[in-house]
Amino acid sequence: MLNLAQFIIQIEAFNANVNIPLIRKAYEFSSNSHAGQTRESGEPYATHCLEVAFILAEQHLDSATIAAGLIHDVVEDTPVTIEEVKKEFGEEIALLVDGVTKLGKVEFKSREEEQVEYFRKMLLSMARDIRVILIKLADRLHNMRTLGFLKEDKQKRIARETNEVYAPLAHRFGIARMKTELEDLCFKYLQPKEYRFISEQLEMTRQEREEYIRQVTGPIKKALIEEGIKISISGRAKHLDSISRKMRLRNLPLEEIYDLLAIRVLVSSKKECYHVLGVIHTLWKPVPNRFHDYIANPKPNGYQSLHTTVFGPADKMLEIQIRTNGMHQIAEYGIASHWLYKEGRQQMDKADRQMSWLREVLDWQKDLSNPSEFLEYLKIDLLQEDVYVYTPRGDLIHLPAGSTALDFAFAIHTDVGLKTTGAKINGKMVPLGFKLKSGDEGAILTSPNQKPSNDWLRIAQTSKARAKIKRWLKQQGYEQSVSLGQEMLERELKKSRISMPKSAEMEDHAQSLNYASIEGMMAAIGNGTLSVKQVVTKIAPDKNAETKPTLVKRFIDTARGGKGIKIQGIGNMMFRFAGCCQPVPGEKIVGFITRGRGITIHRADCPTALELTESPERVVEVEWDVAKDQAFIVRLDILLEDRKNMLRDITEAISDLDGDVRGAEISGEGSPVTGTFVIEIKNLTHLNRVIQKINRVKGVISIERAKGADFAPFGKGDDENQIK
Ligand code: MN
């Protein structure tokens with residue numbers, strides 16, 4: 001067990017620039033907060049925090065990450081709040097701690113749902129700062145190392161989750177060291193008998209193996225000294241989990257798995273890698289088809305190395321890996337290697353491919369509404385090994401193993417996928433379900449008339465393709481409901497000899513029935529959630545009574561999943577502007593995670609928003625990210641004198657300043673009357689100028705922005721329904 005003094009000596013050895021006062025402060029904070037708590041092992045809780053921080057320091061991570069490691073459990077397991085952490089340690093560390101903290105205050109229907117929301121939150125935080133996953137993995141690694149203290153059922157549950165999610169995540173981000181240790185620990189708890197057998201066998205054959213390694217490394221060293229190349233060489237047994245997998249895969253006993261050993265040669269340049277390869281192939285004959293050039297074609301997680309298998313001394317098969325020291329660093333520490341002797345958030349350009357995986361997950365998860373689907377898809381996505389396929393232009397596309405031609409089409413582009421009629425692999429027409437192999441060259445045939453069908457869900461294997469197909473099918477069902485609803489209403493109105501109202505009036509009815517649009521209302525009629533009679537009653541409450549004057553409300557939902565907002569620093573995520581407050585650029589805004597419908601953007605001072613901030617775990621940081629020509633919709637309620645040409649004068653005032661009037665109506669009799677103007681503007685400054693200008697129009701008494709609960713153009717209670 002480490003104490004603070006030893007810990008500090010150790011971490012200074014890993015990173016001479018480490019901020020010792022910060023580390024001390026974090027340690028004090030952690031041990032004070034966790035005072036009195038113990039682990040199942042009986043040790044004080046703070047030792048866990050120290051061990052987690054040590055695992056992070058070993059990866060040469062920066063001071064902020066190590067400090068966050070020390071206090072990673074204070075919000076989850078002690079009364080300390082994230083605000084206190086922010087006050088004590090600042091925004092950066094608070095974000096890291098928050099990223100690994102469970103959504104404590106929310107009530108979930110099931111453990112599964114809680115798990116799903118936790119993973120979602122973690123992925124979102126990772127996209128913002130990837131160090132979140134490094135802390136989570138360090139936490140999980142120490143918990144796995146001390147799993148023996150827990151009851152067996154808990155051991156199995158945690159090991160299974162580690163095996164399905166955390167070890168594959170470590171792999172995705174190239175952290176081989178972490179992945180290997182996690183997998184071996186999972187193996188130990190999930191298959192204890194097999195684990196014991198293999199480790200005993202390895203122990204028994206250790207001397208023999210070490211002797212063999214000497215027989216291999218000796219000649220390599222000698223040959224390379226003669227060539228004047230400086231190398232470092234090491235040999236060791238592969239890790240237990242991978243040995244057991246090999247035994248199962250090849251159905252062979254341990255003594256017949258020759259390539260138990262991995263010999264690794266490290267050199268200082270890429271050129272030398274190929275030189276060493278040449279020398280080794282001269283010493284021993286290579287096994288055909290076992291050479292991989294991951295230097296020219298890095299693995300999706302960034303791994304680079306040359307792999308070859310040769311018939312070594314005594315004709316035993318032996319795998320040799322050759323790479324530079326820099327590649328080795330990346331191979332062992334993956335994404336963490338960006339922090340080697342560096343402090344603070346790092347640019348992730350080198351790791352783009354790892355980040356693009358993350359973005360992809362964040363993208364397809366939006367198309368799934370069911371939490372269990374998300375978890376299932378995530379696991380599939382994580383567990384599959386990769387194959388790579390070339391496009392006709394020679395671009396390399398990475399796909400999970402088992403992917404089909406249809407998955408390939410969706411990997412090229414969603415629009416290609418949805419229009420796929422056929423596929424040519426290596427020049428031959430194949431069925432859409434054709435399973436791809438690494439090195440295949442694929443071309444996709446499309447037709448504008450093609451439509452996905454339910455069968456495609458059986459053909460597509462990747463999470464991305466399946467999510468996109470499901471979304472399309474759902475959308476299709478929706479469109480059918482809309483046209484059915486339309487037909488039903490028309491028929492019913494005809495029967496009662498009522499004419500179909502104009503669309504502005506119809507929109508009004510839709511809203512009073514709590515639908516965001518006419519389309520939404522028609523879909524509800526079509527799928528049976530709204531009776532057609534109810535709508536007819538709205539349209540003609542009493543055939544003799546005069547129909548109410550209608551209010552023009554041609555609101556456009558400016559951005560459902562569109563542009564204009566960055567969510568926690570990421571663009572193009574699914575969001576919608578709240579109808580109740582219609583924020584415009586320049587105004588303070590806040591985002592809320594809604595169930596299954598992405599994120600809703602409110603004005604920070606909107607009454608609904610204030611109510612929602614009572615669930616802080618659903619609040620996300622958002623910022624404006626407006627495209628040049630983007631316009632926003634605002635409704636103004638104007639009290640004015642009833643005079644001739646009033647409507648024209650106000651409209652002119654608005655268009656003089658390049659504001660676009662989308663709808664206007666004056667209602668009431670005798671001055672003053674209320675005018676309702678729906679206008680399109682660019683931002684807050686623009687809006688204020690327009691308001692000033694209208695104010696100067698003769699006869700205008702007051703102007704008010706529609707806000708809060710008074711006004712809900714997309715259906716009242718929209719948000720309340722989503723957040724429970
Ligand atoms: Mn922990």
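Start at 1 and go down the list; that is how both ligands and their atoms are numbered. Treat the numbers as computed from the prediction; the structure is a model and nothing was measured.
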Practice item. Check for a donor-acceptor pair, side chain of Glu183 on one end and backbone N or O of Thr180 on the other, with a separation under 3.5 Å. Key: no
Review point. Sorted by chain and residue number, which protein N/O/S atoms are under 2.8 Å from the Mn ion (ligand 1)?
Key: His48 NE2, His72 NE2, Asp73 OD2, Asp139 OD1
Review point. Listed by chain and number, what are the side-chain contact (heavy atoms from CB on, under 4.5 Å) partners of Glu91, not counting sequence neighbours?
Key: Lys86, Glu621
Review point. Should the pair Phe374 and Trp364 be assigned to parallel (<30°), tilted (30 to 60°) or perpendicular (>60°) ring geometry?
Key: tilted
Point to revise | salt bridge (Lys or Arg N to Asp or Glu O under 4.0 Å) partners of Lys25, counting only residues at least two apart | key: Glu88
Practice item. Report yes or no: does Ser30 contribute a side-chain atom to a donor-acceptor pair with the main-chain N or O of Ala26 at less than 3.5 Å? Key: no
Practice item. Just jot down the side-chain contact (heavy atoms from CB on, under 4.5 Å) partners of Tyr388, sequence neighbours excluded, or say none. Key: Tyr390, Leu396, His398, Ser438
